[in-house]
Protein chains: 2
Amino acid sequence: MNIGDASDQSGLPSKTIRYYEDIGLIRPDRATNGYRDYAAADVHKLRFLHRARGLGFSVEECRQLLALYDDKSRASGDVRELTVAKLAEIDRKIRELTQLRQTLEHLVHSCHGTERPDCPILEELSDGAAP
Amino acid sequence: MNIGDASDQSGLPSKTIRYYEDIGLIRPDRATNGYRDYAAADVHKLRFLHRARGLGFSVEECRQLLALYDDKSRASGDVRELTVAKLAEIDRKIRELTQLRQTLEHLVHSCHGTERPDCPILEELSDGAAP
DNA sequence: TATGAACCTTCCAGCGACTGTAAGGTCAAG
DNA sequence: CTTGACCTTACAGTCGCTGGAAGGTTCATA
């Protein structure tokens, strides 16, 4: 599959896909004409990268997460430890998003401008789990 | 409060806090000696910025979100529309994180290296809600 | 078969969001 | 009154893309 199709199926611009190859996140085959040739597994990784980056994971973290899937001997304690750490991080992000959501809901439904500049929402907003 | 304390309380490096001032996200007072002077509300905003950036919102999106809190006439249809859009975005992020979490859990508990390189987890992982 | 659109390639430059370094001013403690 | 921990600005560098130029490939249509 050419890069354009990989782009369509992953949601990532071709530019970004080439960049991810430059930094070694994916390694597509090459056709005889020099075009990159993406397998289904590559597209899955690209879709994953698209989502994980949008959720605030750095490229290095994405590299680690991909390594978890690629790891040939998943019994390794290191891998398990890393996975557990990532789970905790994901839980934290979910908590923070949930709190942010509640705050916005509150803002829409019950906070009508009169209670600022000391709006309690700002406090509530910033009182989430420590980073 | 000096920038060092604002940094400690928000979790953001001083450098980043100054940068946020450069691009107009916050506007702290200045003491007579020229030092920046942060009020509690500034720190709340900084904590918010720290969290929202870590959750994958761009600086421009953060600016919009802060505007929602700062907006003097929250009745505006534009503001409400933006808030609703942000709520949908947050819901999407929560769904994606939940799915990512399930995948990692699955990986830890039941996928032991033998089923790759066609591990169904990679497929599962990349089958989330469209971006 | 040829021409043009729509792909693909590499390379290099620029931008968004920081991050590090340098050179210097301020302040509280000893 | 100096030492060290703070603060200031200014400028350069990095990370993660993103756009543009210059050119090769493929394919439908004239």
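Note: hydrogens, waters and symmetry copies are ignored here, and every other heavy atom, side chains too, is used. Proteins get letters first, then strands, A, B, ... in listed order; numbering begins at 1 in each.
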Handout entry: A:L49 vs A:V59, side-chain contact (heavy atoms from CB on, under 4.5 Å): CA-CA, chis, key distance, verdict
Key = CA-CA 8 Å; A:L49 286 167; A:V59 163; over 6 Å; no

Euclidean distance, atom [atom1] of residue [X] to atom [atom2] of [N] [Å, nearest integer]:
X     : N      : atom1 : atom2 : value
A:L49 : D:dC15 : CG    : P     : 18 Å
A:I3  : D:dG24 : CD1   : P     : 19 Å
A:F57 : D:dG16 : CZ    : C1'   : 17 Å
B:D8  : D:dA5  : CG    : P     : 15 Å
B:R53 : D:dG16 : CZ    : C1'   : 11 Å
B:D37 : D:dC7  : CG    : P     : 12 Å
A:H50 : D:dC17 : NE2   : P     : 11 Å

Handout entry: Phosphate-side-chain proximity, B:R30 and D:dC7, N/O vs OP1/OP2 below 4.0 Å
Key =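 Answer no for this pair, as no side-chain N or O of B:R30 is under 4.0 Å from OP1 or OP2.
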
Exercise for the section: Taking only the side-chain nitrogens and oxygens of B:R36, find out if one of them lies under 4.0 Å from OP1 or OP2 of D:dT8. Expected result: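 It does, given that an N or O in the side chain of B:R36 lies less than 4.0 Å from OP1 or OP2 of D:dT8.
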
Is a side-chain donor or acceptor of [X] paired with a backbone partner of [Y] at a separation under 3.5 angstrom?
X     : Y     : value
B:T98 : B:I94 : yes
A:S10 : A:V43 : no
A:R53 : A:F57 : yes

Problem - Nearest-0.5 Å distance, CG of residue B:D42 to CZ of residue B:R47 - result: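 Atom-to-atom, B:D42:CG and B:R47:CZ are 14.0 Å apart.
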
Practice task
With a 4.0 angstrom cut-off to heavy atoms of chain A, pull out the first and last contacting nucleotide of DNA chain C, in 5'-to-3' order.
Solution key: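 Using the under 4.0 Å cut-off, the span is C:dC7 to C:dC11.
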
Please tabulate, for the side chains in residues 17-30 of chain A, all donor-acceptor contacts under 3.5 angstrom to protein atoms that are two or more places apart in sequence or on a different chain.
{"from": "A:E21", "atom 1": "OE1", "to": "A:R36", "atom 2": "NE", "distance (Å)": "2.5"}
{"from": "A:E21", "atom 1": "OE2", "to": "A:R30", "atom 2": "NH2", "distance (Å)": "3.4"}
{"from": "A:R30", "atom 1": "NH1", "to": "A:G34", "atom 2": "O", "distance (Å)": "3.0"}

Practice task
Give, ordered by number, those residues of residues 16-28 of chain A having at least one heavy-atom distance below 4.0 Å to an atom of DNA chain C; if nothing qualifies, reply none.
Solution key: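 Contacting residues: A:R18.
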
Protein-nucleotides 26-29 of chain D N/O pairs closer than 3.5 Å?
{"from": "D:dT26", "atom 1": "OP1", "to": "A:N33", "atom 2": "ND2", "distance (Å)": "2.8"}

Handout entry: Validation row: B:Y38, B:Q9 side chains within 4.5 angstrom (heavy atoms)
Key =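 Contact flag for B:Y38/B:Q9 side chains = no.
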
Handout entry: No-H, no-angle donor-acceptor pair, A:K15 side chain to D:dG20 base, under 3.5 Å
Key =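 Yes, the side chain and the base share a sub-3.5 Å donor-acceptor pair.
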
Handout entry: Listed partners of B:N33 passing side chain to side chain contact (heavy atoms under 4.5 Å, CB included), at least two apart
Key =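 By the side chain to side chain contact (heavy atoms under 4.5 Å, CB included) rule, B:N33 matches B:A31, B:Y35.
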
Exercise for the section: Applying side chain to side chain contact (heavy atoms under 4.5 Å, CB included), name anything that partners A:D5, two or more places apart in sequence or on another chain. Expected result: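 Side chain to side chain contact (heavy atoms under 4.5 Å, CB included) check on A:D5 returns A:M1, A:D8.
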
Practice task
Could you pull out all residues at least two apart from B:D91 that satisfy salt bridge (charged side-chain N to carboxylate O under 4.0 Å, His left out)?
Solution key: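 B:D91 satisfies salt bridge (charged side-chain N to carboxylate O under 4.0 Å, His left out) with A:R101 once adjacent residues are dropped.
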
Problem - salt bridge (charged side-chain N to carboxylate O under 4.0 Å, His left out) against A:E89, all qualifying residues, sequence neighbours excluded - result: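 Residues passing salt bridge (charged side-chain N to carboxylate O under 4.0 Å, His left out) with A:E89: A:K86.
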
